[in-house]
Amino acid sequence: MKALLFSAGLGTRLRPITNDIPKALVPVNGKTLLQRNIEYLTSQGIDEIVINVHHFHQKVIDFLAENQNFGTKIIISDESAEVLETGGGLKKAEPYLNDADFVVMNVDILTNLNLVKMIENHLDNNRSATLAVTTRASTRVLLFDEDLQLCGWKNIKTNETKISREKEKYYPMAFSGIHVVSPEIFQYLPSTKHSIIQSYLELAKDHSIIGYDHSEDIFVDVGKHDTLVKAIELFE
């Protein structure tokens, strides 16, 4: 199976570390986030990885070349001209991913999620997308029904809410930045710069967009200095 590893982000919350390097090359105990996630994905049965690049894109490309792609088949999706966010970035990578279901993951995520089981769960149920989620506290959450069908989104701080399916009760879950996706969704994605969550909320009205609860797993979103410290403590 293939994977798309989102590595184009600016890493603004990790400045000044990211003043000179892309977020993907931020080290955690001697290994970059990029290396750690290439190794994680390959350990979970992924045999081809598409990596999108923008911020200090050449440094990512050079790092991969210097390390012989860590023994993995890697394709670069070049967003050096303009970063397209998650939705536009996924659409741009369509030519490399449109032949079978695939994994999508943010490069700044570190986890011990059993991705093999998540993939099996996705394929066994013939879904448009399966989203890894947990019950952890977050300022922005996805809203699900009792069957973990995506129904909406909410900003906890501002109370802004977007509803795709009306339900009497919603269950808030935090998105982990890991998803298993059917290539059918490409026909619904605009080529413009946008968040994939926008597209999922639209698709959820009449497609199977299901949450996969992995709240018992180790999970760190290494997007800020305090979570970088946490990652250093948890990942040797």
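Model, not experiment: these values are computed from the prediction.
- Taking all atoms of both residues into account, the shortest heavy-atom contact from I51 to S7 is CG2-OG, 3.5 Å.
- With values rounded to the nearest 0.5 angstrom, D108 atom CG is found 4.0 Å from K23 atom NZ.
- Counting heavy atoms from C-beta outward, D124 and N121 have side chains that stay 4.5 Å or more apart.
- No chain of hydrophobic side-chain contacts below 4.5 Å, direct or via other Ile, Leu, Val, Met, Phe, Trp or Tyr residues, connects M118 to I210.
- One distance of note links CG of L148 with CE of M173; it measures 6.0 Å at 0.5 Å rounding.
- E202 and Q198 are not linked by any side-chain donor-acceptor pair at a separation below 3.5 angstrom, with hydrogens and angles left out of the test.
- Distance check: E66 CD to D62 CG gives 6.0 Å after rounding to the nearest 0.5 Å.
- Ring geometry for F70 against F63 counts as tilted: the plane angle lies between 30° and 60°, on a 0 to 90° scale.
- Among all heavy-atom pairs drawn from V103 and M1, the shortest one is CG2-SD, 3.9 Å.
- Panel note: side chain S176, backbone I178; no donor-acceptor pair is recorded below 3.5 Å.
- The shortest side-chain heavy-atom distance between L189 and L90 falls under the 4.5 Å cut-off.
- The salt bridge (Lys or Arg N to Asp or Glu O under 4.0 Å) check on K154 picks up nothing, with sequence neighbours excluded.
- For R165, the CZ atom sits in a packed shell: over 12 heavy atoms of surrounding residues, nucleotides or ligands are nearer than 6.0 Å.
- Of all the heavy atoms in A24 and T32, the pair that sits closest is O-CB, 3.7 Å.
- With rounding to the nearest 0.5 angstrom, the NZ atom of K230 is 9.0 Å from the CZ atom of F219.
- E79 places a side-chain N or O within donor-acceptor distance of the main-chain N or O of L84, the cut-off being under 3.5 Å.
- In this structure, the side chains of L25 and F56 stay at 4.5 Å or more apart for every pair of heavy atoms.
- Relative orientation of the Y188 and H207 rings is perpendicular, given thresholds of 30° and 60° on the angle between their planes.
- A single hydrophobic cluster is not seen to contain both V181 and Y212; linkage of ILVMFWY side chains at heavy-atom distances under 4.5 Å, directly or through other members, places them apart.
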Next item on the list: Before giving the answer on salt bridge (charged side-chain N to carboxylate O under 4.0 Å, His left out), spell out for K167 and E146 the whole-Å C-alpha distance, their side-chain angles and the decisive distance to 0.1 Å.
Entry: CA-CA 10 Å; K167 296 285 181 175; E146 62 277 5; 5.1 Å; no

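- You'll find the side chain of N114 reaches within 4.5 Å of the side chain of Q44, heavy atoms only.
- Separating the CG atom in D213 from the CG atom in L131 is a distance of 12.0 Å, to the nearest 0.5 Å.
- Side-chain N or O atoms of S164 include none that pairs as donor or acceptor with a backbone N or O of G152 at under 3.5 Å.
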Check: Would Y170 and D145 count as a side-chain contact (heavy atoms from CB on, under 4.5 Å) if you check the C-alpha gap in whole Å, the side-chain angles of each, and the deciding distance to 0.1 Å?
Finding: CA-CA 5 Å; Y170 299 109; D145 65 14; 5.9 Å; no

Next item on the list: Start with the C-alpha distance between V133 and F144, add both sets of side-chain angles, then the distance that settles side-chain contact (heavy atoms from CB on, under 4.5 Å), and finish with yes or no.
Entry: CA-CA 10 Å; V133 293; F144 296 89; 3.9 Å; yes

Check: T161 and L143: side-chain contact (heavy atoms from CB on, under 4.5 Å), yes or no, with the steps?
Finding: CA-CA 9 Å; T161 305; L143 304 176; 4.2 Å; yes

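- A 4.5 Å side-chain heavy-atom check between I38 and L34 finds at least one atom pair inside the cut-off.
- Transitive grouping of hydrophobic side chains (ILVMFWY, heavy atoms separated by less than 4.5 Å) keeps V83 and L4 in distinct clusters.
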Next item on the list: Evaluate side-chain contact (heavy atoms from CB on, under 4.5 Å) for L201 paired with L150, printing each intermediate quantity in order.
Entry: CA-CA 7 Å; L201 290 171; L150 179 63; 4.2 Å; yes

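- No more than 12 heavy atoms of other residues, nucleotides or ligands shown are found within 6.0 angstrom of CG on N126.
- The backbone N or O of I218 lies less than 3.5 Å from a partner atom in the side chain of T111, making a donor-acceptor pair.
- The hydrophobic clustering, which links ILVMFWY residues whose side-chain heavy atoms are closer than 4.5 Å, places Y200 and I163 apart.
- Looking at R36 and N29, their side chains come closer than 4.5 Å, going by heavy atoms from C-beta outward.
- Between the side chains of T134 and H214, no donor N or O sits under 3.5 Å from an acceptor N or O.
- Minimum heavy-atom separation, P183 to L97: CB-O, 4.0 Å.
- Judged by distance alone, the side chains of T130 and H179 never bring a donor and an acceptor atom under 3.5 Å apart.
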Notebook entry, point to check: Taking it one step at a time, do E94 and K91 satisfy salt bridge (charged side-chain N to carboxylate O under 4.0 Å, His left out)?
Noted result: CA-CA 5 Å; E94 178 179 1; K91 179 66 175 177; 2.9 Å; yes

Checklist line | Test log, rule salt bridge (charged side-chain N to carboxylate O under 4.0 Å, His left out), inputs D99 and K2 | finding: CA-CA 10 Å; D99 56 346; K2 298 176 183 178; 3.4 Å; yes

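- By the 6.0 Å contact criterion, CD on E216 is open, its count of non-hydrogen atoms from other residues, nucleotides or ligands being 12 or less.
- Between G89 and F6 the shortest heavy-atom distance is C-CE2, 4.2 Å.
- Contact between E48 and I75 at its shortest, heavy atoms only, is OE2-CD1, 3.1 Å.
- By the 6.0 Å contact criterion, NZ on K59 is enclosed, its count of non-hydrogen atoms from other residues, nucleotides or ligands being greater than 12.
- Annotation: F186 is not in aromatic contact with Y96 [ring centroid separation under 6.0 Å not met].
- Considering OG of S182 and CZ of R127, their distance stands at 12.5 Å, rounded to 0.5 Å.
- Between the side chains of H122 and D101, a donor-acceptor pair is found at a separation under 3.5 Å.
- Residues I109 and V220 are not in side-chain contact: their nearest non-hydrogen atoms beyond the backbone lie 4.5 Å or more apart.
- Residues M105 and Y40 have side chains in contact (heavy-atom distance under 4.5 Å, counting atoms from C-beta outward).
- At a threshold of 4.5 Å between side-chain heavy atoms, the hydrophobic network of Ile, Leu, Val, Met, Phe, Trp and Tyr places I185 and L5 in two separate groups.
- Remark: side-chain polar atoms of N69 are not paired, donor with acceptor, to backbone N or O of G71 under 3.5 angstrom.
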